[in-house]
Protein chains: 2
Amino acid sequence: MLGGMEDQVTRILKQWAAERPDLDVSPMAVVGRISRTARKIDAVLAATFARHDVDSASFDVLATLRRSGKPFTLSPRELTESAMVTSAAIAQRLNRLEERHLVTRAPDAKDGRGKQVTLTPAGLDLVNRALPDHVETEHALLAGLSKEERGQLSELLAKVEQAATETRP
Amino acid sequence: MLGGMEDQVTRILKQWAAERPDLDVSPMAVVGRISRTARKIDAVLAATFARHDVDSASFDVLATLRRSGKPFTLSPRELTESAMVTSAAIAQRLNRLEERHLVTRAPDAKDGRGKQVTLTPAGLDLVNRALPDHVETEHALLAGLSKEERGQLSELLAKVEQAATETRP
DNA sequence: GCTATATTGCTAAGCACTTAGCTATATTGA
DNA sequence: TCAATATAGCTAAGTGCTTAGCAATATAGC
């Protein structure tokens with residue numbers, strides 16, 4: 001434990017050590033920090049998106065369509081699988097995006113149940129303009145980490161993510 | 001990049017490389033994985049809490065009171081500062097907890113504006129019973145990481161968290 | 001071929017958060 | 001001293017998610 005920082009996570013651990021010395025609460029240091037870091041990152045990214053008049057959820061949909069390549073079309077099902085939310089949430093996001101004329105919904109000729117969601121020129125323009133700003137924000141967040149450290153961080157998180165996926169009830 | 005895994009994050013990076021080769025989107029690998037890991041962890045922890053008839057938000061309040069030590073009393077203000085939510089959210093959490101008789105709200109004798117939130121015996125009992133299960137779940141999430149790796153992960157995340165905190169608009 | 005089941009996309013209702021703004025009390029400073 | 005400002009706690013309204021459940025279409029099994 002280098003750099004004896006007395007931050008929030010450290011303080012919580014000390015409290016538990018005093019109150020429940022029978023429990024090994026050391027995992028809280030890592031798990032708690034993942035959660036806290038993610039929330040702070042969300043706030044920073046949201047500020048960037050706000051400068052481009054979108055929220056994170058809307059940008060997520062627009063970016064998913066954008067990176068799928070021409071003709072920038074995906075089904076609500078595919079968008080649901082990409083985002084980590086329910087199909088109902090995607091339907092509501094699409095309602096908002098359609099209302100703002102950033103995407104269109106058309107019937108799928110090959111599947112009578114399906115729809116085809118496509119970026120409008122305005123939607124494409126928005127995501128193209130916001131993307132460099134967004135990427136720059138993410139660069140700033142990681143500016144303090146070397147290339148090697150970023151790789152380490154990714155791999156360590158991947159292990160935890162896999163454990164979380166397998167622990168599913 | 002060891003272990004050429006073809007997971008969600010990797011696929012997204014490949015798509016961007018094809019669509020926007022002018023942008024260095026490599027930070028997405030790390031930032032995206034922090035977010036995804038945090039959400040999956042939340043789901044796993046929520047399942048544990050559900051077995052004890054609480055949600056994560058309620059447990060967070062109960063645990064904060066518990067680890068503050070006897071007499072298990074804090075002000076709404078202190079609870080707000082500990083949780084990463086607004087004071088309005090804490091007020092509503094306390095409404096729910098008070099309704100379930102897991103905490104009490106009393107006036108603060110030393111500050112006419114303040115309140116004193118205290119664990120009831122039922123609240124203390126609940127958190128004492130849920131805590132070992134919760135800690136065990138967190139251990140399981142980190143089972144794949146050595147002690148050294150956990151330390152590394154914490155430190156790397158702390159750097160990102162600090163960058164996020166300083167990037168506040 | 002036709003019935004049973006699965007899939008797709010959606011709306012409705014409920015929930016926990018947010019922002020905005022209120023009241024009551026405490027603190028500051030002219 | 002006492003007016004101006006700050007702080008504590010709260011409610012109300014709005015937002016974006018969830019679960020539940022719908023109709024329409026596709027697929028599987030007999």
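Each chain gets a letter, A, B and so on, in the order the sequences are listed, and its residues count up from 1.
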Spacing between [X] atom [atom1] and [N] atom [atom2], to the nearest angstrom:
{"X": "B:D111", "N": "D:dA8", "atom1": "CG", "atom2": "P", "result": "8 Å"}
{"X": "B:D42", "N": "D:dC17", "atom1": "CG", "atom2": "P", "result": "15 Å"}
{"X": "A:M84", "N": "D:dT18", "atom1": "CE", "atom2": "C1'", "result": "14 Å"}
{"X": "B:I90", "N": "C:dT19", "atom1": "CD1", "atom2": "P", "result": "14 Å"}
{"X": "A:L97", "N": "C:dG9", "atom1": "CG", "atom2": "C1'", "result": "16 Å"}
{"X": "B:E99", "N": "D:dT11", "atom1": "CD", "atom2": "P", "result": "12 Å"}
{"X": "B:R77", "N": "C:dT27", "atom1": "CZ", "atom2": "C1'", "result": "16 Å"}
{"X": "B:Q116", "N": "D:dC10", "atom1": "CD", "atom2": "P", "result": "13 Å"}

Any side-chain N or O of [X] under 4.0 Å from OP1/OP2 of [N]?
{"X": "B:R96", "N": "C:dA16", "answer": "yes"}
{"X": "A:R105", "N": "C:dG9", "answer": "no"}
{"X": "A:N95", "N": "C:dG9", "answer": "no"}
{"X": "A:T86", "N": "D:dT18", "answer": "yes"}
{"X": "A:K110", "N": "D:dA26", "answer": "no"}

5'-most by nearest nucleotide on DNA chain D - A:A57 or A:R113 = A:A57
Just compare [options] and give me whichever is closest to any side-chain atom of [X].
{"X": "B:A89", "options": "C:dC10, C:dA26, C:dT18", "value": "C:dT18"}
{"X": "B:R93", "options": "C:dC17, D:dC10, C:dT11", "value": "C:dC17"}
{"X": "B:A88", "options": "D:dC17, C:dT19, D:dT19", "value": "C:dT19"}

Salt bridge B:D60-B:R93, side-chain N to carboxylate O under 4.0 Å = yes
Under 4.0 Å between a Lys/Arg side-chain N and an Asp/Glu carboxylate O for B:D108 and B:K110?
-> no
If you measure only the distance, is there a donor-acceptor pair under 3.5 Å linking the side chains of A:E166 and A:Q162?
-> yes
Is B:S75 touching bases, backbone alone, or none of the nucleic acid, heavy atoms closer than 4.0 Å?
-> sugar-phosphate
Decide side-chain contact (heavy atoms from CB on, under 4.5 Å) for B:D24 and A:V135; before the verdict, give the C-alpha distance in whole Å, the side-chain angles of both, and the deciding distance to 0.1 Å.
-> CA-CA 8 Å; B:D24 172 18; A:V135 171; 5.6 Å; no
Donor-acceptor pair (no angle test) under 3.5 Å: A:Q92 side chain, D:dT15 base = no
In terms of hydrophobic clustering (I, L, V, M, F, W, Y; side-chain heavy atoms under 4.5 Å; direct or indirect links), are A:V85 and B:V9 co-clustered?
-> no
For D:dA28, the nucleotide meeting Watson-Crick or G-U wobble distances (both under 3.5 Å) is C:dT3
